**Q** 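Pasting in a structure now, in structure tokens, and then I'll have a few things to ask.
Keep in mind it's a predicted model, so treat the numbers as computed, not measured. Count residues from 1 along the sequence. Atom set for the values below is all heavy atoms of this structure, side chains included, hydrogens, waters and symmetry mates excluded.
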Amino acid sequence: MLRMKAILLFSAAVAFVTAPLLVPSFGGFDPTAFPYPPVDPPVQPAGYAFAIWGLLYLWLLAHASFGLLRRADDPAWDAPRWPLLVSLGLGAIWLETATRLPVMATLLIWVMAGGAMLALLRTPPAPDRWLLRAPIAAYAGWLTAAAGVGTGVVLTGYGILSPVTAALAMLALVLILALAVQMRCQAPEYGAAVIWALVGVLVANAAGTPVVAIAALIGAGIIAAAVWAAMSRAKPGPARRS
């Protein structure tokens, strides 16, 4: 059974990594799909920030490959497989869904993020940290931010909130979720991915929407402090003399 899950996860990872080849022109939700087209919504990071997907694809594929070839029957590697399998499986169809049904895609990315966060919380800090916990952590961190971004775009596109209000609300939500996860696990890669997204929001808004840029900067600082605190807790204290 453990090996079968490892095979399924590897298959899902391959499908997830190759999905962009089927939708090469995707550049975000189509503004014309909304009643109030959200052009350059402030909740969205600068374009360069999305380059993190290249790292995530390679790292997750390495995780699934190593897990199948060398750790198929290892309980520590098996613990996160089901939620990660759900997340990657939905991720394989996410791009295609996003091109036609942005609201459905937003719901899917929240499930993807939830699966990734649950998978992260099921991983041990060691052994095989750089191939077990680290790639899942980075993936979960980016999806935490991406789910907030997608929701902010939808809220703006349907006129539920103004662009700035939606951005600030989603930044607050991402911060709350990220803190809750970061403080429960010693995984700096999770916080680093969230910070990467927040800095992207800062860069995108530095000139035009300073209130969002400042909020993103504050959020990044808070997450950085949480990462530092989590790493400090993980360090062994000095040995006591008898």
**Q** Any chance you could measure Leu179, atom CG, to Ile222, atom CD1, to the nearest 0.5 Å?
**A**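 Separation between the atoms: 6.5 Å.
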
**Q** Between Thr18 (side chain) and Val14 (backbone), is there a donor-acceptor pair under 3.5 Å?
**A**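 Checking the backbone N and O of Val14 against the side chain of Thr18, a donor-acceptor pair under 3.5 Å is found.
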
**Q** Decide whether Trp77 and Thr123 meet the rule of one side-chain donor and one side-chain acceptor closer than 3.5 Å.
**A**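 Looking only at side-chain atoms, Thr123 and Trp77 do not form any donor-acceptor pair under 3.5 Å.
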
**Q** When clusters are formed by joining ILVMFWY residues with side-chain heavy atoms under 4.5 Å apart, either directly or through shared neighbours, do Trp59 and Leu85 land in the same one?
**A**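 Trp59 and Leu85: separate clusters.
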
**Q** Counting only heavy atoms not in Met183 (residues, nucleotides, ligands), do more than 12 fall under 6.0 Å from its CE?
**A**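 Atom CE in Met183 is crowded, with more than 12 foreign heavy atoms closer than 6.0 Å.
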
**Q** More than 12 heavy atoms of other residues, nucleotides or ligands under 6.0 Å from CG of Asp30: is that the case?
**A**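 Yes.
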
**Q** If you look at every heavy atom in Leu171 and Ala215, which pair is closest and at what distance?
**A**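 Result for this residue pair: CD1-CB, 3.9 Å.
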
**Q** Examine Met1 and Leu68 and state if one hydrophobic cluster contains both, with Ile, Leu, Val, Met, Phe, Trp and Tyr joined whenever side-chain heavy atoms are less than 4.5 Å apart.
**A**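 Same cluster.
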
**Q** Please check this pair: side chain of Thr99 against backbone of Glu96, looking for a donor-acceptor N/O pair closer than 3.5 Å.
**A**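 Pair found, side chain donor or acceptor close to backbone of Glu96.
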
**Q** Would the distance check show the side chain of Glu189 and the main-chain N or O of Ala137 forming a donor-acceptor pair, the cut-off being under 3.5 Å?
**A**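 Not confirmed, Glu189 side chain does not pair with Ala137 backbone.
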
**Q** So Thr97 and Leu108, side-chain contact (heavy atoms from CB on, under 4.5 Å) or not? Walk me through it.
**A** CA-CA 9 Å; Thr97 303; Leu108 287 180; 3.9 Å; yes

**Q** Grouping I, L, V, M, F, W and Y whenever their side-chain heavy atoms are under 4.5 Å apart, do Val86 and Met112 come out in a common cluster?
**A**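 Cluster IDs for Val86 and Met112 match.
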
**Q** Could you please spell out the steps behind the side-chain contact (heavy atoms from CB on, under 4.5 Å) verdict for Trp110 and Leu143?
**A** CA-CA 8 Å; Trp110 276 110; Leu143 282 186; over 6 Å; no

**Q** For a 4.5 angstrom cut-off between non-hydrogen side-chain atoms, does Leu132 reach Pro124?
**A**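 Answer yes - side chains close enough.
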
**Q** Can Ser65 and Arg70 be said to form a side-chain contact (heavy atoms from CB on, under 4.5 Å), step by step?
**A** CA-CA 8 Å; Ser65 300; Arg70 301 295 298 274; over 6 Å; no

**Q** Drop me the distance from Leu175's CG to Gln182's CD, to the nearest 0.5 angstrom.
**A**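 Taking CG in Leu175 and CD in Gln182, the distance rounds to 11.5 Å.
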
**Q** Taking all heavy atoms of Leu131 and all of Ala62, pick out the closest pair and write down the distance.
**A**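 The pair with the smallest heavy-atom distance is CD2-CB, 4.0 Å.
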
**Q** Once rounded to the nearest 0.5 Å, what's the spacing between atom SG of Cys185 and atom CG of Leu121?
**A**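 Between atom SG of Cys185 and atom CG of Leu121 there are 5.5 Å.
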
**Q** What I'd like to find out is whether the side chain of Leu22 reaches to under 4.5 Å of the side chain of Leu95, using heavy atoms alone.
**A**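 A side-chain contact is absent here, since even the closest heavy-atom pair is not under 4.5 Å.
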
**Q** Does Trp142 have its ring centroid less than 6.0 Å away from the ring centroid of Tyr190?
**A**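 Distance test on ring centres: not under 6.0 Å, no.
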
**Q** Please report whether the ring centroid of Trp130 lies less than 6.0 Å from that of Phe66.
**A**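 They do not qualify: ring centres at least 6.0 Å apart.
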
**Q** Going from CG on Leu198 to CD1 on Ile218, what distance comes out if it is rounded to the nearest 0.5 angstrom?
**A**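 The distance works out to 11.5 Å.
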
**Q** Can you measure from CG (Leu168) to CD1 (Ile214) and round to the nearest 0.5 angstrom?
**A**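 One gets 10.5 Å once the value is rounded to the nearest 0.5 Å.
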
**Q** With a 6.0 Å cut-off on the ring centroids, do Phe26 and Trp94 count as close?
**A**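 Close enough - the centres of the two rings lie under 6.0 Å apart.
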
**Q** Any sub-3.5 Å donor-acceptor pair from Thr209's side-chain atoms to Val212's backbone N or O?
**A**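 It does not hold such a pair.
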
**Q** Answer yes or no: is there a side-chain heavy-atom contact under 4.5 Å between Pro163 and Val43?
**A**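 They are not in contact (no side-chain heavy atoms under 4.5 Å apart), so the answer is no.
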
**Q** Leu8 and Ile136: same hydrophobic cluster, using ILVMFWY side-chain contacts below 4.5 Å?
**A**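 Yes, because Leu8 and Ile136 connect within a single hydrophobic cluster, where side-chain heavy atoms sit under 4.5 Å apart.
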
**Q** For Ala46 versus Ala204, what's the shortest heavy-atom pair and its separation?
**A**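 So the two residues come closest at N-CB, 3.6 Å.
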
**Q** With a 3.5 Å distance limit and no angle check, can you tell me whether His63 reaches the backbone of Pro135 through a side-chain donor-acceptor pair?
**A**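 Here the side-chain-to-backbone pair does not exist.
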
**Q** Taking side chain as C-beta onward, heavy atoms only, is Val174 less than 4.5 Å from Val194?
**A**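 The answer is yes, as the side chains (C-beta and beyond) meet within the 4.5 Å cut-off.
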
**Q** Before you tell me yes or no, could you show the steps for Thr156 and Ser162 under side-chain contact (heavy atoms from CB on, under 4.5 Å), namely the whole-Å CA-CA distance, both residues' side-chain angles and the distance that decides it to 0.1 Å?
**A** CA-CA 6 Å; Thr156 299; Ser162 71; over 6 Å; no

**Q** According to a 4.5 Å side-chain heavy-atom criterion applied to Ile, Leu, Val, Met, Phe, Trp and Tyr, with indirect links allowed, do Leu202 and Val227 form part of one hydrophobic cluster?
**A**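 As far as the 4.5 Å side-chain criterion goes, Val227 and Leu202 are not connected within one cluster.
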
**Q** Between Tyr139 and Tyr57, is there a side-chain heavy-atom distance shorter than 4.5 Å?
**A**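 No - every pair of side-chain heavy atoms lies 4.5 Å or more apart.
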
**Q** So Leu9 and Leu84, do their side chains get closer than 4.5 Å, heavy atoms only?
**A**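 Yes, their side chains come closer than 4.5 Å.
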
**Q** Decide yes or no for Leu60 and Leu88: does some side-chain heavy atom of the first lie under 4.5 Å from some side-chain heavy atom of the second?
**A**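 SC-SC contact between Leu60 and Leu88 confirmed.
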
**Q** Measure the spacing between CG of Asp74 and CG of Asp128 and express it to the nearest 0.5 Å.
**A**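 Answer for the CG-CG pair, Asp74 versus Asp128, is 7.0 Å.
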
**Q** Can you see which heavy atom on Pro38 is nearest to which on Val153, and at what distance?
**A**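 Between these two residues, the closest heavy atoms are CG-CG1, 3.8 Å.
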
**Q** Flag the pair Val149 / Met170 as yes when at least one side-chain heavy-atom distance between them is below 4.5 Å, and no otherwise.
**A**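 They are not in side-chain contact.
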
**Q** Check whether any side-chain N or O of Ser11 sits under 3.5 Å from a backbone N or O of Ile7 as a donor-acceptor pair, and report yes or no.
**A**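 Yes; at least one donor-acceptor contact below 3.5 Å.
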
**Q** Taking all non-hydrogen atoms of both residues, which atom of Gln186 and which atom of Ala230 are closest, and how far apart?
**A**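 Answer, listing the atom of Gln186 first, then Ala230: CG-O, 3.1 Å.
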
**Q** Are Phe34 and Tyr158 near enough that their ring centres are under 6.0 Å apart?
**A**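 Ring-ring flag for Phe34/Tyr158: true, centres closer than 6.0 Å.
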
**Q** With no hydrogens and no angle check, is any side-chain donor or acceptor of Asn205 less than 3.5 Å from a backbone partner on Pro42?
**A**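 Checking the backbone N and O of Pro42 against the side chain of Asn205, a donor-acceptor pair under 3.5 Å is found.
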
